[in-house]
There are 4 protein chains.
Amino acid sequence: MNKTKKLIFDASIKAFSRKGFHKSTMDEIAEIAGVAKGTLYYHFKSKEDIFKFIIDEGIRLIADEVRDRTEHLSNPLEKIEAICRVQLELITDYFEFFKTMYSQMWGDEERQNQLREALSKYFNVISEYFREASKEGYIDKEKIDLIPYNFFGIMSSVIVYSLLHSDIKVSEISDLFVDIAMNGIVQR
Amino acid sequence: MNKTKKLIFDASIKAFSRKGFHKSTMDEIAEIAGVAKGTLYYHFKSKEDIFKFIIDEGIRLIADEVRDRTEHLSNPLEKIEAICRVQLELITDYFEFFKTMYSQMWGDEERQNQLREALSKYFNVISEYFREASKEGYIDKEKIDLIPYNFFGIMSSVIVYSLLHSDIKVSEISDLFVDIAMNGIVQR
Amino acid sequence: MNKTKKLIFDASIKAFSRKGFHKSTMDEIAEIAGVAKGTLYYHFKSKEDIFKFIIDEGIRLIADEVRDRTEHLSNPLEKIEAICRVQLELITDYFEFFKTMYSQMWGDEERQNQLREALSKYFNVISEYFREASKEGYIDKEKIDLIPYNFFGIMSSVIVYSLLHSDIKVSEISDLFVDIAMNGIVQR
Amino acid sequence: MNKTKKLIFDASIKAFSRKGFHKSTMDEIAEIAGVAKGTLYYHFKSKEDIFKFIIDEGIRLIADEVRDRTEHLSNPLEKIEAICRVQLELITDYFEFFKTMYSQMWGDEERQNQLREALSKYFNVISEYFREASKEGYIDKEKIDLIPYNFFGIMSSVIVYSLLHSDIKVSEISDLFVDIAMNGIVQR
DNA sequence: TATGAATGAGCGTTCATTCAT
DNA sequence: TATGAATGAACGCTCATTCAT
């Protein structure tokens, strides 16, 4: 990714996160990037192409960070919990990226199918971490493939919660949500 | 809601769920509804107004159905689980509505703030059901206000799961997701 | 003009004067008149038809009042000056009507041609008053046909003046403008 | 003003003068200018913006020409008369512009207030020329500030006259109107 | 006579994309 | 590589008019 392309990449994330995909214009992106509008089309085929690039790159960053911050853990249960916690912690840093992504998860457009496919691949990587824990009986076998979806859902809970409680920091509630994810809501 | 308004209502949900709010056009909605474009504006002030109406009406329907199908239960824990289960079951019937709603949860536009506020009110109604269960020690007090958000997240898990596994019916996986919600992912 | 038609007539003048011909809508006129929109079309062929009716009626009212308030004068010069003065005085009472009329004097549309023709007829009636004065040498023969236009121009001066000086009443400046009309701007 | 902007400028004056501001469409303007509709918006913010530009530019041109063609005159009375005459002569060259302007003098819309304010400034410049003449007793002091309005009125007389007498050239009647402006209609 | 729901042509404006330089 | 003027299809919305009742 050369210098100009990086400028466009950063500008696009900024724009999409502020106003979503459809409300962000190529003019805006160009202005934020400090390049001419035509330059966008020299480096990307289309607006959708920029989006796709951002999603791929974004998911890659998330995946890398989750891996880097949990690979030192060997206890399966600890590791799973850490993955859940790290994902929630990343919400703060990548808040705009997540909002962009979540807004594009639900439709039938090609762009949106691609996004779900990319996410699905990430889910598969994650579930691999769980197989071992499953073997050792920590985790219900049937649930393994659903856990990444569950974590995805927990993240959406946290994001919406923080959108509706702007005074509360994500870090203040993520412990509780990790607990809910791991142990459910029923008191024991 | 008279006949024409109902036609527009149904057509709009269909359109919004397929292509999202921005990509759905008034021309399309009119065509699906089988009325002239001007007729949309005779019954609604604007495209945003249609959206707002859909959300309010949709959330009301969901809330009513959840209440109707769970009010006969007196055991707190049973009731909570039922609420979770009913919400997941409703996904099938209101799939288009939910996709519409979830696609508009994340931005800063007025329409999106209103949506979150409306949902927040529904959440408050739901949490009331949990207070009793909390008193009797079934549920961790601290978690009560988070549970509706958690349920919201579980639903998003299920929707995304079903979008990525079109061969699997929601009913086939909802039991597992209810279990995850209630008891977490850790095997006991 | 029956009762309903009168309601529409009054409402239209009110609407046109507030917002001009194009910005006034049939909905507004109907609302001000307190009748249904369809009723407008029972009494008038179209919006343009309402306009035409108002202009004809308005010019007739002006013409009648000018005649009534000056016909007792026999001295030609006095009479001419009185006509000029009365016209300026009517600006206050018919301010909204005049603004409506003046805004439609300048284009090429049929409605606008008709308006100018109607005004032209009124000008001819006025000029008749001047022929006598001309015979007696009070007024330059060549100028007779131009005087109604001049009076029309003086009125536009006064209207624009009052639009730009909302603190000053028309009556406070009309004497000066009558003087300018009769004797010009050169001091003697 | 570059080439394309000039094309739009000329086309807009033509369109506005024919059909007024509201009835002129951006499509028409684009077609007359020989550019795509989008191009209008590349050079101007809105239709109102085009109008504002036309008015400002038009009044500037008029003001410049009046100044250029009268500044060599030192005799106050001669100068005043020359100003009146030049203004009437400009009607022929700027006929479309004047019709556009006069059609927008009368309403309460922002655009129309701005127009009157711009004209008012021009009036102030003109009245300055008259102060000297007033000092030397040629002109009634009280009338000074009214004279630009009077000249404005005389112009409207001439324009309406020429709209109703398309066979007569403005130059054929402007002498008489100048005479009326300077000396009034009363024979001496 | 009077209504008002329904219409659809037409408007001002936006914006992703193209292309000559 | 990069530019930015130019494009035109498409959009949300308005509103004079129609017509069944």
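Since the model is a prediction, treat every value here as computed from it, not as a measurement. Chain A is the first sequence line, chain B the second, and so forth, proteins listed ahead of strands; every chain is numbered from 1.
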Between E/dA6 (P) and B/Phe44 (CZ): distance, integer Å: 12 Å
Rounded distance in Å - NZ (C/Lys52) to P (F/dA16): 20 Å
Spacing between A/Tyr42 atom OH and E/dA20 atom C1', to the nearest angstrom: 16 Å
Under 3.5 Å donor-acceptor, B/Gln112 side chain and B/Glu109 backbone: yes
Plane angle bin for C/Tyr94 and C/Phe97 - parallel if under 30°, tilted between 30 and 60°, otherwise perpendicular: perpendicular
Exercise: identify the closest heavy-atom pair between D/Lys14 and D/Ser17: O-OG, 2.9 Å
Which residue lies more 5' along DNA chain E, comparing B/Val35 with C/His43 via nearest heavy atoms: C/His43
Where DNA chain E forms stems, i.e. three or more consecutive Watson-Crick or G-U pairs with both distances under 3.5 Å: E:2-21 with F:2-21
Nearest atoms (heavy-atom pairs only) where D/Gly20 meets D/Ser24: O-OG, 2.6 Å
Length of the line joining B/Glu31:CD and F/dA10:P, which is rounded to integer Å: 14 Å
Span that lies between the C1' atom of E/dT1 and that of F/dT21, in whole angstrom: 13 Å
Mutual orientation of the aromatic rings belonging to C/Phe21 and C/Phe51 [parallel < 30°, tilted 30-60°, perpendicular > 60°]: perpendicular
Min side-chain heavy-atom separation A/Val35-A/His43 under 4.5 Å: no
Derivation and outcome, salt bridge (Lys or Arg N to Asp or Glu O under 4.0 Å), residues C/Glu96 and C/Arg18: CA-CA 7 Å; C/Glu96 306 305 327; C/Arg18 277 187 202 153; over 6 Å; no
Check nucleotides 15-19 of chain E against the protein and report each pair of N or O atoms closer than 3.5 Å, with its distance, or say if there are none.
{"residue": "E/dA16", "atom": "OP1", "partner": "A/Ser24", "partner atom": "O", "Å": "3.4"}
{"residue": "E/dA16", "atom": "OP1", "partner": "A/Lys47", "partner atom": "NZ", "Å": "3.0"}
{"residue": "E/dA16", "atom": "OP2", "partner": "A/Met26", "partner atom": "N", "Å": "2.6"}
{"residue": "E/dT17", "atom": "OP2", "partner": "A/Tyr41", "partner atom": "OH", "Å": "3.1"}
{"residue": "E/dT17", "atom": "OP2", "partner": "A/Lys47", "partner atom": "N", "Å": "3.0"}
{"residue": "E/dT17", "atom": "O4", "partner": "A/Lys37", "partner atom": "NZ", "Å": "2.9"}

Separation of E/dT13 C1' from D/Asp49 CG (nearest whole Å): 13 Å
Protein-nucleotide distance (C/Phe51, atom CZ; F/dA16, atom C1'), rounded to Å: 16 Å
Geometric class of the B/Trp106/A/Trp106 ring pair [parallel <30°, tilted 30-60°, perpendicular >60°]: parallel
Row check, D/Tyr41 ring normal vs D/Lys47 NZ/CZ: under 6.0 Å, within 45°: no
